[in-house]
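Data first, discussion second: the structure below is written as structure tokens.
Hydrogens, waters and symmetry mates play no part in the numbers below; they use all other heavy atoms, side chains included.
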Amino acid sequence: TGDTLGGYMEVGGDETTITQLGNVSTPTTQIALMNGASYYLGANSLAVNRLDLGLGGGTATLSRAVGGMLTANQVFMNYGGVLSAGAGDVINSLWMYGNSMISNAVGGVYTNGLTLVSSFDFTSGTIQLTFNPPPVNGYMWAFRWAGEHTNTLSGWLGTKLILINNAGGTGPAITYNADDSYTYIGMTAKAAGRGMLLVVQ
């Protein structure tokens, strides 16, 4: 754990896959994936200064197993860039162009998702958030963005922003929390199989 990479790593070419073994912290490193390349975090953490997904052309994918975590100062996505986000991910600034896509699912094991700290240039692409039954009754969120962005996020619903509710209830909503100054996309849901039992004697 705690391994580091050099200042710049570029990976391109169909069927080229980088598999990360152990945690990697490289706060000054740039990783560029393009032309069919993929990066698999596994259940490890990756901290980088900049991550490019598809910026140089073609598809590029970053995926992970349960427990994998990404921390990045900048993430640039273009063409077919795909980011499979997860619980605990933190991105400072995000750019999305072309047919890039971010997906994240909450429920099951985790009740929190991707945190965006600063700026978001969402020219085109899609964010798809899936809400599954949570491990315990309560609130879960798949995406949060520092600041008040309810109108902006609401304007993307159904086009750039796709919400899938598999958890029942009233479904996910976009709300601003003044206590921590974040705008959340989340919902309150019951854990699978945890209904209410009423016994009348």
Closer than 3.5 angstrom, by distance alone: can the side chain of [X] be matched with the main-chain N or O of [Y] as a donor-acceptor pair?
X	Y	value
Lys160	Gly125	no
Thr16	Ala37	no
Ser84	Ser63	no
Asn104	Ala142	yes
Thr26	Ala47	yes
Glu10	Gly12	no
Glu148	Thr150	yes

With rounding to the nearest 0.5 Å, note down the distance linking [atom1] in [X] to [atom2] in [Y].
X	Y	atom1	atom2	result
Leu129	Leu163	CG	CG	5.5 Å
Thr71	Leu51	OG1	CG	11.5 Å
Leu53	Leu83	CG	CG	6.0 Å
Met187	Thr111	CE	OG1	12.5 Å

Only one of Leu21, Thr19, Asn23 forms a side-chain contact (heavy atoms from CB on, under 4.5 Å) with Asn44, so which one is it?
->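 Exactly one pass, corresponding to Asn23.
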Between Tyr184 and Arg144, do the side chains contain an N or O donor and an N or O acceptor separated by less than 3.5 Å?
->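 Judged by distance alone, the side chains do pair up.
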Is the closest side-chain donor-acceptor distance between Asp52 and Gln30 under 3.5 Å?
->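 Yes, a side-chain donor-acceptor pair sits under 3.5 Å.
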Heavy atoms, side chains only, cut-off 4.5 Å: are [X] and [Y] in contact?
X	Y	value
Ile31	Leu46	yes
Tyr40	Gln20	no
Ile185	Thr175	no
Phe122	Ile127	yes

Please table the atom pairs, donor to acceptor, closer than 3.5 Å between any side-chain atom in residues 90-97 and protein atoms at least two apart or in another chain.
{"unit_1": "Asn92", "atom_1": "ND2", "unit_2": "Asn73", "atom_2": "OD1", "d": "3.0"}
{"unit_1": "Ser93", "atom_1": "OG", "unit_2": "Ser119", "atom_2": "OG", "d": "3.2"}
{"unit_1": "Tyr97", "atom_1": "OH", "unit_2": "Asp121", "atom_2": "OD2", "d": "3.1"}

Cluster overlap [X] with [Y], hydrophobic side-chain contacts below 4.5 Å:
X	Y	answer
Leu114	Leu157	yes
Val82	Leu55	no
Val24	Met9	yes

Could you tell me which non-hydrogen atom of [X] sits nearest to which non-hydrogen atom of [Y], and how far apart they are?
X	Y	result
Ile102	Ala85	CG2-CB, 4.2 Å
Ser38	Thr17	OG-OG1, 2.9 Å
Lys190	Asn137	CA-OD1, 3.2 Å
Ile174	Ser154	CD1-N, 3.6 Å
Pro172	Phe131	CB-CE1, 3.6 Å

Please step through ring-ring contact (aromatic ring centres under 6.0 Å, His included) for the pair Tyr176 and Trp145, ending with a clear verdict.
-> CA-CA 9 Å; Tyr176 175 67; Trp145 184 4; over 10 Å; no
CA sep, side-chain torsions, deciding dist, call: Leu116, Phe143, side chain to side chain contact (heavy atoms under 4.5 Å, CB included) = CA-CA 8 Å; Leu116 180 58; Phe143 179 85; 4.1 Å; yes
Would you please test Thr183 and Leu153 for side chain to side chain contact (heavy atoms under 4.5 Å, CB included) and show each step?
-> CA-CA 9 Å; Thr183 303; Leu153 291 171; 3.7 Å; yes
Could you walk me through whether Arg64 and Tyr39 pass the side chain to side chain contact (heavy atoms under 4.5 Å, CB included) check?
-> CA-CA 8 Å; Arg64 89 276 305 285; Tyr39 192 109; over 6 Å; no
CA sep, side-chain torsions, deciding dist, call: Thr130, Val106, side chain to side chain contact (heavy atoms under 4.5 Å, CB included) = CA-CA 6 Å; Thr130 302; Val106 291; over 6 Å; no
